[in-house]
Amino acid sequence: MKQISIFWQAVRDFWRTGKTGVALFLISLFALIYGYIALDFEIAQGWKGHVSVQNVMKDISAFIPVGAAFVAMIIGGIDLIMLLSDFIEARREKRIAAAREAAKAEGMAEGIAEGEARAYRKFSEWERRRKEAEDQGKEFTEPLPTQPKEKPQESSKE
């Protein structure tokens, strides 16, 4: 699937830079084909020399704007397809980004809720131990779980 994507990206890049050349080639090709048809018609009617050449040139010159309009419709259609494709791709990327942000926000909310529940459990356990010590008449010196634990000092070797 990746190969197709690379191919179409190359086609799109070419279309952005080479569209004018394609249009001129197609107009020339259509004029050449129409010229062949006009020439064949004149030969079938009986070649009259200079008059037949004038008739072929007149037919071709009348066809060029029609051929150009036809090519413009083809190129415009391809441009429209690419424009719609870009629009759809941009919307898809926007929806994906929004979904990622929503998932991230949801994950953060879940993480905060989980952290609060964990802190509440730790505090509940601490409160239970404190009450047990109080009921037994013992001194309870354990710090609140919300306070950072003191790290034992490392002995330095000198």
Side-chain angles (χ1 to χ4, degrees), residues 1-126 143-154 156-157:
M1 190 68 180
K2 185 90 170 159
Q3 296 292 344
I4 293 172
S5 174
I6 293 169
F7 170 74
W8 284 115
Q9 188 61 43
V11 168
R12 292 172 72 83
D13 291 343
F14 167 76
W15 189 253
R16 287 186 183 107
T17 59
K19 180 176 13 181
T20 304
V22 170
L24 292 174
F25 171 74
L26 286 176
I27 291 171
S28 300
L29 181 66
F30 289 161
L32 183 68
I33 292 170
Y34 188 79
Y36 174 76
I37 293 169
L39 187 62
D40 189 49
F41 177 77
E42 282 296 320
I43 291 172
Q45 294 294 321
W47 188 256
K48 297 172 191 80
H50 185 68
V51 174
S52 293
V53 171
Q54 284 180 329
N55 288 341
V56 169
M57 289 300 162
K58 187 174 97 179
D59 284 349
I60 291 172
S61 62
F63 173 76
I64 287 176
V66 174
F70 185 64
V71 169
M73 287 189 302
I74 292 171
I75 289 180
I78 293 171
D79 280 344
L80 183 62
I81 289 169
M82 287 194 179
L83 181 68
L84 289 173
S85 171
D86 290 344
F87 176 72
I88 290 168
E89 181 69 18
R91 279 187 61 200
R92 187 176 76 76
E93 291 295 327
K94 199 176 198 180
R95 284 195 319 255
I96 289 171
R100 283 186 179 143
E101 287 297 319
K104 184 178 176 184
E106 184 179 322
M108 288 175 70
E110 287 176 2
I112 289 170
E114 185 179 321
E116 288 174 348
R118 188 179 302 152
Y120 180 75
R121 280 193 305 271
K122 285 182 179 180
F123 182 76
S124 296
E125 290 170 6
W126 178 85
L144 277 170
T146 56
Q147 294 176 349
K149 294 181 180 177
E150 292 183 23
K151 292 183 180 176
Q153 292 182 359
E154 296 179 20
S156 60
K157 294 182 181 179

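FYI, side chains are in, hydrogens and waters are out, and symmetry mates aren't considered; it's all heavy atoms of this structure.
- Distance check, rounded to the nearest 0.5 Å: CG of Asn55 to CD1 of Ile60 gives 11.0 Å.
- Heavy-atom neighbours of Arg16 CZ from other residues, nucleotides or ligands within 6.0 Å: above the threshold of 12.
- What you find for Ile27 and Gly67 is that their closest heavy atoms are CG1-O, 4.5 Å.
- Under 4.0 Å is where a charged nitrogen must lie from a carboxylate oxygen, and between Glu125 and Arg121 no such pair does.
- Rounded to the nearest 0.5 angstrom, Trp47 CH2 and Leu39 CG are separated by 5.0 Å.
- Between Ile75 and Ala23, the shortest heavy-atom distance links the atoms CD1-CB, 3.1 Å.
- With rounding to the nearest 0.5 angstrom, the NZ atom of Lys58 is 9.0 Å from the CD atom of Gln54.
- More than 12 heavy atoms of other residues, nucleotides or ligands lie within 6.0 Å of CE in Met82, so this atom counts as buried by the packing criterion.
- Here Glu89 pairs with Arg92 in a salt bridge; the nearest charged N to carboxylate O distance falls below 4.0 Å.
- Annotation for Asp59 and Tyr34: closest pair O-CE2, 3.3 Å, computed over non-hydrogen atoms.
- Residues that satisfy the side-chain contact (heavy atoms from CB on, under 4.5 Å) test with Phe70, not counting sequence neighbours, are Phe30, Met73, Ile74.
- Taking CG from Asp40 and CD from Gln45, the interatomic distance works out to 10.5 Å, rounded to the nearest 0.5 Å.
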Inset, instruction - Begin with the C-alpha distance, continue with both residues' side-chain angles, and end with the deciding distance and a verdict on side chain to side chain contact (heavy atoms under 4.5 Å, CB included) for Ile33 and Tyr36. - result: CA-CA 5 Å; Ile33 292 170; Tyr36 174 76; 5.7 Å; no

Legend entry - side chain to side chain contact (heavy atoms under 4.5 Å, CB included) between Phe25 and Val71, intermediate numbers included: CA-CA 10 Å; Phe25 171 74; Val71 169; over 6 Å; no

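- For the atom pair NZ of Lys48 and CD1 of Ile43, the computed distance is 11.5 Å after rounding to the nearest 0.5 Å.
- The two atoms that bring Ala31 and Ile64 nearest to each other are CB-CG1, 4.4 Å, heavy atoms only.
- Note that CG of Leu84 and CG of Asp79 are 11.0 Å apart. Values are rounded to the nearest 0.5 Å.
- Within a 6.0 Å radius of NZ in Lys19, other residues, nucleotides and ligands contribute more than 12 heavy atoms.
- Closest non-hydrogen pair, Ser52 versus Gly46, comes out as OG-O, 4.0 Å.
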